[in-house]
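Only this structure's heavy atoms are used, side chains among them; waters, hydrogens and symmetry mates stay out.
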Amino acid sequence: MSTPVTFFLIPAEGLAGVLTPSRLASLRAAVVREDPEAMEDEEVLLALMDHLSQHGGAALTRLPEPLGDEVLELLDVLAEDLVHTDKEPRSERLEQATSQRPDADDLQAAEAVVRAACPDTLHHLWRHTVWGRVPEQEGATDDLRRINPNLGYWTNAEVRQLRDGLREHLDGAPTYQPVRGWARFTSRLRRVTRRGDPARALDAVTQALDKASRQGAGLLFAR
């Protein structure tokens, strides 16, 4: 079974608003608690957390070396903290934007629909849900796909852009067929969508986008 994806409301500016000093302190304590004897191996990661606590989450986009090398690991720790509901919560959880949890196959199937129907700018935003996202990363690199495909975000400005774009270029449930006649499904697109349910993913994302837009929030999604 493919991994489910959870959507959370976050501050309008995106991921930087999530990495508050209190959350970073909780994440730091969790890393130390999990393997106290591995402190030397986690020294740079802990230094990154301390740096962000001191300078604010926005410093994530202008890190000195070698702290930048630990960003993906930090996002893994954050994603685990948010998503693994079978464990005792490490820190205060964020509000979920929708109770629906499409899986990774649904998201990839929906990406094929978005790619066929929408402009490149919207497709680019959607790809963050499929491949993850890190600050100042224009697209998903091979390393990001391999190492950390489990955390992404949209700022409130991007929430509104994607919400309005999907409404303009896609019909509503249940099929979400492209509005424009030239954006027809190819045989490859049909093969892709059979691995997942694009309507399920688009329903969940639409609900999350609407709620975030009403509240002036961004969205963070993790799997």
Side-chain angles (χ1 to χ4, degrees), residues 1-10 14-15 75 78-80 82-85 94-134 137 139-140 144-146 148-180 183-215 217-223:
M1 182 177 176
S2 185
T3 307
V5 178
T6 306
F7 293 83
F8 300 94
L9 295 175
I10 58 173
L15 185 62
L75 298 188
L78 176 61
E80 183 179 359
L82 294 171
V83 174
H84 286 191
T85 55
L94 302 175
E95 180 185 352
Q96 288 194 18
T98 173
S99 60
Q100 293 193 47
R101 299 184 71 192
D103 64 30
D105 287 344
D106 297 334
L107 289 166
Q108 287 186 309
E111 186 204 1
V113 175
V114 172
R115 183 177 68 245
C118 298
D120 289 344
T121 52
L122 292 178
H123 177 226
H124 177 73
L125 284 179
W126 181 274
R127 281 180 59 79
H128 296 326
T129 65
V130 177
W131 298 116
R133 181 183 192 182
V134 296
Q137 182 114 22
L144 181 58
R145 294 180 188 182
R146 185 177 64 254
N148 190 60
N150 62 354
L151 188 65
Y153 66 92
W154 292 313
T155 65
N156 182 248
E158 291 169 334
V159 162
R160 292 181 178 276
Q161 180 182 358
L162 188 56
R163 183 199 62 173
D164 294 344
L166 292 179
R167 286 176 173 172
E168 178 182 357
H169 296 285
L170 294 178
D171 284 333
T175 59
Y176 289 99
Q177 298 288 328
V179 171
R180 296 178 178 176
R184 300 184 186 281
F185 288 107
T186 64
S187 59
R188 179 178 179 276
L189 177 58
R190 293 191 187 95
R191 290 198 300 271
V192 170
T193 57
R194 278 201 295 267
R195 292 201 295 267
D197 182 354
R200 185 168 183 261
L202 284 159
D203 279 341
V205 170
T206 299
Q207 285 188 20
L209 291 170
D210 285 345
K211 186 170 185 178
S213 182
R214 288 195 305 270
Q215 299 191 21
L219 284 174
L220 181 146
F221 32 94
R223 56 186 166 123

Residues Leu82 and Phe8: closest non-hydrogen pair is O-CZ, 3.5 Å
When every non-hydrogen atom of Val113 is compared with those of Leu170, the smallest separation belongs to CG1-CD2, 3.8 Å
- Flag, side chain of Arg133 to backbone of Tyr153, donor-acceptor distance under 3.5 Å: yes
Rounded to the nearest 0.5 angstrom, the CD-OG1 distance for Gln96 and Thr6 is 5.5 Å
Taking the side chain as every heavy atom from C-beta outward, state whether Val205 and Trp126 have any pair of such atoms under 4.5 Å apart.
yes
Q.
Test your reading of the model: is there a side-chain donor-acceptor pair from Arg200 to the backbone of Arg101, 3.5 Å cut-off?
A. yes
Between Ala208 and Thr98, the two heavy atoms sitting closest are CB-CG2, 4.0 Å
Review point. Within a strict 4.5 Å, meaning less than it, do heavy atoms of the Trp131 and Gln108 side chains meet?
Key: yes
Closest non-hydrogen contact found for Cys118 with His169 is SG-CB, 3.7 Å
Are side-chain heavy atoms of Val114 and Leu166 found at a separation under 4.5 Å?
-> yes
What one should report as the nearest heavy-atom pair of Ala79 and Ala222 is CB-CB, 4.3 Å
Can you find a pair of side-chain heavy atoms, one from Val159 and one from Gln215, that are under 4.5 Å apart?
-> no
Output for pair (Thr129 OG1, Arg223 CZ), nearest 0.5 Å, gives 8.0 Å
Requested in this report: Report yes if the side chains of Gln161 and Thr121 come closer than 4.5 Å at any heavy-atom pair, otherwise no.
Outcome: yes
When rounded to the nearest 0.5 Å, the distance separating CZ of Phe7 from CD of Gln207 is 10.5 Å
d(Asp120 CG, Leu125 CG) to nearest 0.5 Å is 11.5 Å
Donor-acceptor contact present, side-chain Asp106 to main-chain Gly196, <3.5 Å
no
With side chain to side chain contact (heavy atoms under 4.5 Å, CB included) as the test, would you mind laying out the steps for Leu220 and Leu151 before giving the verdict?
-> CA-CA 7 Å; Leu220 181 146; Leu151 188 65; 3.5 Å; yes
Separation between CG (Leu9) and CG (Leu94), nearest 0.5 Å, reads 8.5 Å
Between the CD atom in Gln100 and the CG atom in Leu202, the distance rounded to the nearest 0.5 Å is 10.5 Å
